[in-house]
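In the text below, chain A, chain B and the rest are named by the order of the sequence lines, each starting its count at 1. The structure displayed is predicted, hence computed values, not measured ones.
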Amino acid sequence: MSSSQGFFFKVHEVAKLIPYGKVTSYGAIAKYLGASGSARMVGWAMNASHKDPGVPAHRVVNRVGLLSGKHHFEGTNLMQQLLESEGVEVVDLKVQDFEKLFWDPMKEL
DNA sequence: TGAATGACTTCGG
DNA sequence: CCCGAAGCCATTC
């Protein structure tokens, strides 16, 4: 319980810092946290974010802008709708102009 | 303790 | 960026 929150907490904090209408990748967050090799753990942390309101998990996608985690959201297209509601163009589960919308915590923070 | 899992990434073709 | 295979690492059973 408590011991595991460390990694999750940091991931949640970074996710909360993602600007509106922007997206980032698991690897970018992992690298920012100093766990570049634990990109998968970021995804795992996002899984825990489900109980942590305020964590925009829909803004976190894989390295190519693919909504790899959309299956973990309720419904069938909630994640895409959330992104589109923020002005992010999403086609076929992929973020369009990903390079433009990409928000790198290493670079911005 | 060891084996399996996963919301990823990188490399080669 | 598409496809397949290997690597990584914290968490779970």
Side-chain angles (χ1 to χ4, degrees):
Chain A
M1 287 210 183
S2 330
S3 48
S4 47
Q5 278 187 346
F7 188 75
F8 293 155
F9 182 76
K10 290 199 286 188
V11 174
H12 296 169
E13 287 298 296
V14 177
K16 290 174 186 174
L17 293 173
I18 302 174
Y20 182 93
K22 287 281 189 169
V23 293
T24 190
S25 67
Y26 304 92
I29 296 177
K31 187 176 182 181
Y32 176 73
L33 297 179
S36 51
S38 309
R40 309 184 89 165
M41 292 302 91
V42 175
W44 197 260
M46 299 320 291
N47 197 4
S49 77
H50 220 292
K51 64 178 183 179
D52 203 328
V55 179
H58 59 271
R59 292 181 186 156
V60 185
V61 297
N62 73 0
R63 67 171 176 98
V64 297
L66 186 68
L67 281 58
S68 45
K70 92 150 252 164
H71 291 278
H72 293 259
F73 282 80
E74 297 179 6
T76 55
N77 60 339
L78 177 60
M79 187 173 185
Q80 179 168 338
Q81 284 187 14
L82 288 171
L83 287 170
E84 289 180 335
S85 69
E86 296 188 357
V88 178
E89 186 180 7
V90 179
V91 177
D92 192 26
L93 303 182
K94 278 177 291 188
V95 176
Q96 305 305 292
D97 299 311
F98 179 60
E99 298 179 22
K100 262 195 316 190
L101 299 174
F102 184 71
W103 178 81
D104 189 350
M106 295 290 284
K107 192 175 180 179
E108 306 291 338
L109 302 183

inquiry  = Taking C:dC1 as the reference, what is the distance to B:dC8 when you measure between their P atoms (whole Å, please)?
reply    = 15 Å
request  = Between C:dC9, C:dC1, B:dT9, spot the one nearest the side chain of A:R63, thanks.
outcome  = B:dT9
key: Side chains of A:E108 and A:K22 in contact at under 4.5 Å (non-hydrogen atoms)   = no
message = Considering every strand and a 4.0 Å limit on heavy-atom distances, what is the contact class for A:A57: base, sugar-phosphate, or nothing?
response = base
task = Give one of base, sugar-phosphate or nothing for A:N47, where a contact means two heavy atoms less than 4.0 Å apart.
result = base
request  = Could you check how far CD of A:E74 sits from P of B:dA7, rounded to whole Å?
outcome  = 16 Å
ask   = When the distance from CG of A:L67 to P of B:dA7 is rounded to whole Å, what number comes out?
value = 14 Å
message = Quick check on A:K31: does its NZ atom have over 12 non-hydrogen neighbours (other residues, nucleotides or ligands) under 6.0 Å away?
response = no
request  = Indicate yes or no: does A:K16 engage A:E13 in a salt bridge with an N to O separation below 4.0 Å.
outcome  = yes
ask   = Counting only side-chain N and O atoms of A:S49, is one of them less than 4.0 Å from OP1 or OP2 of B:dA7?
value = no
task = Scan residues 13-31 of chain A against DNA chain B and write down, sorted by residue number, each residue with any heavy atom closer than 4.0 Å; if none is found, say none.
result = A:S25, A:Y26, A:G27
message = Rounded to whole Å, please give me the gap between CZ in A:F8 and C1' in B:dG6.
response = 12 Å
remark   = In whole angstroms, the gap separating P of B:dA7 from NZ of A:K51 amounts to 17 Å
task = Check whether any side-chain N or O of A:D92 sits under 3.5 Å from a backbone N or O of A:K94 as a donor-acceptor pair, and report yes or no.
result = no
note = Winner on side-chain proximity to A:H72, out of C:dC1, B:dT10, B:dA7, is B:dA7
Distance, rounded to the nearest Å, where A:L66 contributes CG and B:dA7 contributes C1' = 10 Å
ask   = Do A:E99 and A:F102 have side-chain heavy atoms sitting under 4.5 Å apart?
value = no
note = Taken to the nearest whole Å, CE/A:M46 to C1'/C:dA10 is 16 Å
query = Are any non-hydrogen side-chain atoms of A:Y26 and A:M46 less than 4.5 angstrom apart?
reply = yes
request  = Give the minimum heavy-atom separation between A:H50 and A:H72, together with the two atoms involved.
outcome  = NE2-O, 3.6 Å
inquiry  = I need the CZ-C1' distance between A:F98 and B:dT9, as an integer number of Å.
reply    = 13 Å
ask   = In terms of side-chain heavy atoms of A:M41, which of C:dA10, B:dA7, B:dC8 is nearest?
value = C:dA10
task = Tell me which nucleotide among C:dC1, C:dT12, B:dT9 gets nearest to the side chain of A:W44.
result = C:dT12
inquiry  = For residues A:L109 and A:I29: do they belong to one hydrophobic cluster (side chain heavy atoms under 4.5 Å, members Ile, Leu, Val, Met, Phe, Trp, Tyr)?
reply    = yes
task = Rounded off to whole Å, could you give me the CG-to-P distance for the A:L33 and B:dC8 pair?
result = 16 Å
ask   = Can you tell which of B:dA7, B:dT9, B:dG6 lies closest to the side chain of A:H50?
value = B:dA7
task = Could you tell me whether the side chain of A:R40 has a donor or acceptor atom within less than 3.5 Å of a complementary atom in the base of C:dC9?
result = no
